[in-house]
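Working notes for the structure below.
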Amino acid sequence: MHKDLKLFTELVEYLISEEKNNPVATPIDTSKLYKTLDLSLNDKPTIDEDFIKTLKGIIKSTPKTASTSFYNQLFGGRIDRATLGDLLAVMLNNSMYTYKVAGPQVGIEKTILKTICDMIGYPDSADGTFAPGGSMSNYMAVLMARDKYNPSARTAGVSNKMTLYTSEASHYSIAKNASFIGVGRDQVRRVKTNDKGEMLAADLDQQISKDIEQGYQPFFVNATAGTTVLGAFDDVERLSKVCKKHDVWLHLDGAYCGAVIFSDEYKHLVKGIEHTNSFSVNAHKMLGTPLSCSIIVAKDKKHLNQSFSNDAEYLYQTDDDDFNLGKTSLQCGRRNDALKFWTLWKSVGSNGLKTIVDHQFNLAQIARDYINQHPDYTLYSFDDSISICFNYKDIPAHTLCTALYEDSQLMVGFGNFKNQEFVRMVTINSLLQEKDIMHFFKTIEKFTSSTDL
Ligand SMILES: *Cc1c(COP(=O)(O)O)cnc(C)c1O
């Protein structure tokens, strides 16, 4: 192992220098990928020299998500202490299903979950788990709701017409999950949003009432803390009243921006969160841990047990089930996603997490201020969001983003809302500074003035 640890350090040094010198890797056209890099698997072993050369080639061409030029998706950067935790988790290689196999790592996971439940005002009956991503957290939420309102679904399957509700601006996983749980995509009702992309409680109320009249069984509402495109926050307090009135499950999908719970300044954006039945947050988004680190908590852990526990004599042989996390998780064998978040949280404290969150909002404000004072830009997103949506001159957003990528200038994506397409940059990398944001805009200006788009 020592030899490979040395090699690992060498490769990481190479990666870090590439990140600095070539922050946007030269993209390889998919049609040339297998000709450019030797990715083939052969009968014979590869000699070390070739192996290392191949690895370096792969590293060189892989998109650099921790570089100062990466604004493409809802994650980015590399926070040392979180990365350290994930590297340790790989070396320890526990599976989180039982206390016997994971030992204190179970306590680490439970501590994070318990602290988050307390922070959002959930009662002692609350608990949670780490899921393989935000989409799967949403899946667990909707499955718990299905089983609560239709207990026979677990054994007999779904035979009645159940309906669920989510805004037009919500994540696509909601529709996929409706199909996974046997309720069906056609049973997903799209609730209208206002011009900021926030779900309209009145429309939700109306759609639920209409469905009840027509003999459907409404059972689940998905609200979003940070919609994927605009970064909008649904009004949880108001939506929770509608959910209470109709007795349906309220889930808050905070995959993107649920981490505002760590900030005194921004937690008002999820006001009413204590009225939800479940809440999910991706620590690999705003909190900057390596992928993936996704948490779901439920107000009443009974639902986690009801939907996810299975007896298995070959697995659960010792210890109290509160410490056998396999009883409340989606998977059987499960990687340790908790340690990286714990090493980060432990070392910087809750105050440090607050600083991480606040800094992203500060960077977003800097970006909006720049756009607002510059006549060539048009802004489409709103305050209290770390998604900055804009267009530059009359250049179509997809043309600009693709050209910036192909010319190794910047990694940034585009999105659309109510038929308007725009560039979406995200200030989710908390290691960036004001100068990096300025560099982003200057790069666009310089690039477009020297290119025909
Ligand atoms: C990113 C995101 C998800 C999905 O999370 P994954 O970890 O990518 O599966 C779900 N909902 C929202 C609002 C998101 O932004």
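Each ligand, and each atom within it, is numbered from 1 in the order the structure gives. In this text the structure is predicted, and so the values were computed from the model without any measurement.
- With salt bridges taken as basic N to acidic carboxylate O contacts below 4.0 Å, one links Asp86 and Arg335.
- For the pair Arg189 and Tyr216, the cation-pi test (distance below 6.0 Å, angle within 45°) is passed.
- Residues Ser137 and Ser294 bring a donor and an acceptor atom of their side chains to less than 3.5 Å of each other.
- No salt bridge links Lys301 with Asp124; every basic N to acidic carboxylate O contact stays at or beyond 4.0 Å.
- Under a 4.0 Å N-O distance rule, the pair Glu18/Lys60 qualifies as a salt bridge.
- For the 3.5 Å distance criterion, the side chains of His171 and Thr224 fail to qualify, holding no donor opposite an acceptor.
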Which protein N or O atoms sit under 3.5 Å from any N or O of ligand 1? Give atom names and distances.
residue	atom	partner	partner atom	Å
ligand 1	5 (O)	Gly134	N	3.3
ligand 1	5 (O)	Asn282	ND2	3.3
ligand 1	7 (O)	Gly134	N	2.7
ligand 1	7 (O)	Asn282	ND2	3.0
ligand 1	9 (O)	Gly134	N	3.2
ligand 1	9 (O)	Ser135	N	2.9
ligand 1	9 (O)	Ser135	OG	2.8
ligand 1	11 (N)	Asp253	OD1	3.3
ligand 1	11 (N)	Asp253	OD2	2.6
ligand 1	15 (O)	Thr228	OG1	3.4
ligand 1	15 (O)	Lys285	NZ	2.9

